[in-house]
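Here is the structure we will look at.
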Amino acid sequence: MDVNESAVSSGDSDVVKRFENIALVASETPRAQEAFSNLDSQRDWVPMDAADAVVVLGGDGFMLHTLHKMLERGRIVPAYGMNRGTVGFLMNRYDVRANVMRRLEKARGKTISPLRITAVTQDGEMHRMRAINELSLLRETRQTGKIEVTVGSRVRIEELVGDGILVSTPAGSTAYNLSANGPILPLDSRMLALTPISPFRPRRWRGAILPDEMPITLRVLEPAKRPVAAVADQKELRDIAEVHVEIDHSSALELLFDPGQSLAERIVSEQFAVD
């Protein structure tokens, strides 16, 4: 990473980062495009391939899209988001009057690691995917899905019957995982949340919190009768036979946040939200 000052750690970085080559990207929504026009004149921006940092205008979905593009290209740089979407959990507040360079210099970094997923479809094809928030297995029809759950080298649940199951990273634990009554994970916990979606059997199982070094294998039972789809963040793959999930610390991503607005603080605050 070509920067004058930088730090990468498992926690929030207190080192001021000074970036020279910065890219500016925006989603296609009118709010994001308006923000792009407002910021375009602040400096000479560079293409993503030449950047040592990127300013992302949009919502959480577009931030995930941008991070996935970095993973696909094999060139990862810090990302500073400005919210022009809805929730903006991964983003900073947008202020048309603010100087982006000053905000970048004061921003603090947080590293997050994606899931590495190997999926096999019913016809035997193998697909490799990444997920920054979560991997979900979801039933495709009115029939409930049946899934065998293996953690480590042991089968932990021989037959989970329900709408599906998801594996969430700490960064994604406040998203779909929380809506499915899964636990919120501290960002530095090095844990994964394994959460059932509307489970019918075993009725009392509400999920598990796992060390992130333990691989997870989910095998679909009766796949022809009860087809199941896999969704890795925004990418969907249908008619799944089996998926293997593990954390990928070698592809750590870095998000930049304004002081006092770190991702770790947002995860803690979410646990006290009452609305």
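One-based numbering along the sequence shown. Values below: all heavy atoms of this structure, side chains included; hydrogens, waters and symmetry mates excluded.
A distance-only check finds a donor-acceptor pair linking the side chain of Asp52 to the backbone of Asn21 [under 3.5 Å]. Checking side-chain atoms of Asn83 against main-chain N and O of Gly59 turns up no donor-acceptor pair under 3.5 Å. A donor-acceptor pair is defined here as one N or O able to donate and one able to accept, closer than 3.5 Å; no such pair exists between the side chain of Arg31 and the backbone of Gly58. Judged by distance alone, with hydrogens and angles left aside, the side-chain atoms of Asn92 form a donor-acceptor pair with the main-chain N or O of Leu256 at under 3.5 Å. Under a 3.5 Å cut-off, the side chain of Arg139 and the backbone N or O of Arg142 do form a donor-acceptor pair. Proximity of a side-chain donor or acceptor of Ser251 to a complementary backbone N or O of Asp248 within less than 3.5 Å is not detected. A donor-acceptor contact shorter than 3.5 Å links the side chain of Asp60 to the backbone of Phe89. Arg204 places no side-chain N or O within 3.5 Å of a backbone atom of Arg201 that could act as its donor or acceptor partner. Between the side chain of Arg108 and the backbone N or O of Lys106, at least one donor-acceptor pair lies under 3.5 Å.
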Taking it one step at a time, do Val231 and Leu138 satisfy side chain to side chain contact (heavy atoms under 4.5 Å, CB included)? CA-CA 8 Å; Val231 182; Leu138 304 167; 4.1 Å; yes
Evaluate the criterion side chain to side chain contact (heavy atoms under 4.5 Å, CB included) for residue pair Thr169 and Leu115; output intermediate values, then yes/no. CA-CA 7 Å; Thr169 67; Leu115 299 173; 3.6 Å; yes
Decide side chain to side chain contact (heavy atoms under 4.5 Å, CB included) for Glu254 and Ile112; before the verdict, give the C-alpha distance in whole Å, the side-chain angles of both, and the deciding distance to 0.1 Å. CA-CA 6 Å; Glu254 186 174 10; Ile112 58 175; over 6 Å; no
Side chain to side chain contact (heavy atoms under 4.5 Å, CB included), that's the test. Do Thr144 and Arg226 meet it? Break it down for me. CA-CA 7 Å; Thr144 56; Arg226 303 170 184 271; 3.1 Å; yes
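Within 6.0 Å of CD in Glu159 there are more than 12 heavy atoms belonging to other residues, nucleotides or ligands. The environment of Asp44 atom CG is sparse: at most 12 non-hydrogen atoms of other residues, nucleotides or ligands sit within 6.0 angstrom.
Side chains of Ser27 and Arg84: a donor-acceptor N/O pair is absent below 3.5 angstrom, by distance only. Between Tyr176 and Asp233, the side chains place no donor N or O within less than 3.5 Å of an acceptor N or O (distance only, hydrogens not considered). If you check the side chains of His249 and Arg190, you find a donor sitting under 3.5 Å from an acceptor. At a cut-off of 3.5 Å, with distance as the only test, a side-chain donor of Thr195 or Asn177 sits close to an acceptor on the other residue. Inspection of the Ser269 and Glu265 side chains reveals an N or O donor paired with an N or O acceptor under 3.5 Å. Side-chain N/O atoms of Asp40 and Ser37 include no donor and acceptor closer than 3.5 Å.
What you find for Val268 and Phe272 is that their closest heavy atoms are O-CD1, 3.3 Å. In terms of heavy-atom proximity, Ala79 sits nearest to Met70 at CB-CE, 4.2 Å. Nearest approach of Leu187 to Pro170, heavy atoms of both residues: CA-CB, 3.8 Å. When all heavy atoms are compared, the tightest approach of Ala224 to Pro227 is O-CD, 4.0 Å. In terms of heavy-atom proximity, Trp45 sits nearest to Val100 at CH2-CG1, 4.2 Å.
Taking the charged nitrogens against the carboxylate oxygens, Asp188 and Lys110 do have a contact shorter than 4.0 Å, which makes a salt bridge. With respect to the salt-bridge test (charged N to carboxylate O, under 4.0 angstrom), the residues Arg238 and Glu140 qualify. We find that Asp258 and Arg103 are joined by a salt bridge, their nearest charged nitrogen and carboxylate oxygen being less than 4.0 Å apart.
Under a hydrophobic clustering in which Ile, Leu, Val, Met, Phe, Trp and Tyr are joined whenever their side-chain heavy atoms come within less than 4.5 Å, directly or via other members, Leu24 and Val96 fall into the same cluster. A single hydrophobic cluster is seen to contain both Val56 and Val87, as judged by linkage of ILVMFWY side chains at heavy-atom distances under 4.5 Å, directly or through other members.
The CD atom of Glu158 lies 10.0 Å from the OG1 atom of Thr150; values are rounded to the nearest 0.5 Å. In this structure, the separation between CD1 on Ile117 and CD on Glu134 is 9.5 Å, given to the nearest 0.5 Å.
Not counting sequence neighbours, Ser179 has no partner by the side chain to side chain donor-acceptor pair (under 3.5 Å) test.
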